[in-house]
Amino acid sequence: MKVCVIPGDGIGPEVIGAAVEVLRAVAPAVELTEAEAGWAAFQRHGAALPTETLAAAKAADAVLFGAVASPSHSVPGYRSPIVALRRELDLYANIRPVVGLQIANCRLQSSEPIHNPQSTICNLVVVRENTEGLYAGRERLEDGGDTAIAERVITRRASARIVRAAFDLARSRAVAGHPNPKVTIVHKANVLRVSDGLFRTVALEIAAQYPDIGSEEMLVDVAAMRLAQTPERFDVVVATNMFGDILSDVACIHGGGLGVASSANLGEGRALFEPVHGAAPDIAGQGIANPLAAIECVAMLLEWRHRAASAAQVRAAAASVLADGPRTPDMGGSSTTADVARAVIDRL
Ligand code: NAI
Ligand code: MG
């Protein structure tokens, strides 16, 4: 297996460094190539996603991606390379699992304990459409620059394949023993009647093809509240691009926050694995980023390539470190990225 590693910016290289050590320890035969993308690459080469990087990503069986720092102001020639990679590789399904953290004494930085260990643990997956919607990149200025317009692109084809991916996932989770399979179809079709209206229509058509899987529809605002309040009521949640992006950050709090939230971007025969978090400039360079999200990406990657035993080994080691420490500051500890990585490798 050939894996293209794209560390990116900020804490990307720090957490991907840890993840690569784990990958090397558990699967030494995997061939690794490294490629550049992001703000630093843009400064160096004038391209956030150099053509060599795209070629390397296409040539590999899978991509392990860290994070990139994309400025919030417009920079001529710069476009988010992760958005571009997802579209270039047609990685249409962004799979973002959240398993509730059930550990007493583990609190997120400067917050009260977020999960009551007595309550039902949540185990849900946000399935986010990755190629269109409001992130289609169709933005323009009119009216001499005083009016900004973003087009929200929703197609039958993309809606059908993402909803099908959600129902297939719910079915495979049921086969794996997850009770009460259900897909929650999230939209705002009461306001966005045309665009989310099409997404909803297609989603309900697909739902009817899966009589063995429960389904419900939910407006995005109430979905956000329920994901915060009663995450255990969800199984698989499917949403358009931006709604899925936001909802998965809400949901990930129950699993321990951004430091442990990982995701898979899947297309036909292709895959890119990345932490949900970004480049975290506030802690970059300090060696204290939580590497567990990136390490879980290694488990997802191995699982995707049918190496279930190795994936389970990584997950068990990471779960043991999550339970007993060492922990980075985002989880209330005072250990470093390297301490956590070392502990995971020791427990493999
Ligand atoms: P962020 O995810 O980078 O950070 C949000 C907060 O979570 C920060 O306080 C950060 O310190 C903390 N955090 C994130 N990952 C952590 C980890 N592994 N360990 C400990 N703490 C962690 O989001 P933010 O600050 O909104 O964006 C920063 C930059 O990242 C921006 O330039 C943005 O464009 C980019 N970004 C890139 C993404 C990607 O490459 N896929 C995704 C999200 C943001
Ligand atoms: Mg996000």
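Start at 1 and go down the list; that is how both ligands and their atoms are numbered.
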- Can a salt bridge be assigned to the pair Arg152 and Glu132 using a cut-off of 4.0 Å between side-chain N and carboxylate O? no
- Looking only at N, O or S atoms, find the one in Asp245 nearest to the Mg ion (ligand 2) and name it. OD1
- Message: Measuring from atom CZ of Arg86 to atom CG of Asn94, what distance do you get when rounded to the nearest 0.5 angstrom?
- Response: 5.5 Å
- Item | Ion pair Arg161/Asp90, N-O distance below 4.0 Å | yes
- Task: Determine, for Glu151 against Arg140, whether the closest basic-nitrogen to carboxylate-oxygen distance falls under 4.0 angstrom.
- Result: yes
Enumerate the pairs of nitrogen or oxygen atoms, one from ligand 1 and one from the protein, separated by less than 3.5 angstrom; state names and distance to 0.1 Å.
| unit_1 | atom_1 | unit_2 | atom_2 | d |
| --- | --- | --- | --- | --- |
| ligand 1 | 2 (O) | Gly278 | N | 2.7 |
| ligand 1 | 3 (O) | Gly278 | N | 3.4 |
| ligand 1 | 3 (O) | Ala279 | N | 3.3 |
| ligand 1 | 3 (O) | Ala280 | N | 2.7 |
| ligand 1 | 9 (O) | Asp282 | OD2 | 2.7 |
| ligand 1 | 11 (O) | Asp282 | OD1 | 2.8 |
| ligand 1 | 11 (O) | Asp282 | OD2 | 3.1 |
| ligand 1 | 18 (N) | His277 | NE2 | 3.3 |
| ligand 1 | 18 (N) | Asn290 | O | 3.0 |
| ligand 1 | 19 (N) | Asn290 | N | 2.9 |
| ligand 1 | 30 (O) | Ala279 | N | 3.0 |
| ligand 1 | 32 (O) | Ser70 | N | 3.0 |
| ligand 1 | 32 (O) | Ser70 | O | 3.1 |
| ligand 1 | 34 (O) | Ser70 | N | 3.3 |
| ligand 1 | 34 (O) | Ser70 | O | 3.2 |
| ligand 1 | 40 (O) | Val68 | N | 2.9 |
| ligand 1 | 41 (N) | Glu274 | OE1 | 3.3 |

- Query: Rounded to the nearest 0.5 Å, how far does CE of Met218 lie from CG of Leu227?
  - Reply: 8.0 Å
- Does the distance from a Lys or Arg side-chain N to an Asp or Glu carboxylate O, for Arg327 and Asp339, drop under 4.0 Å? no
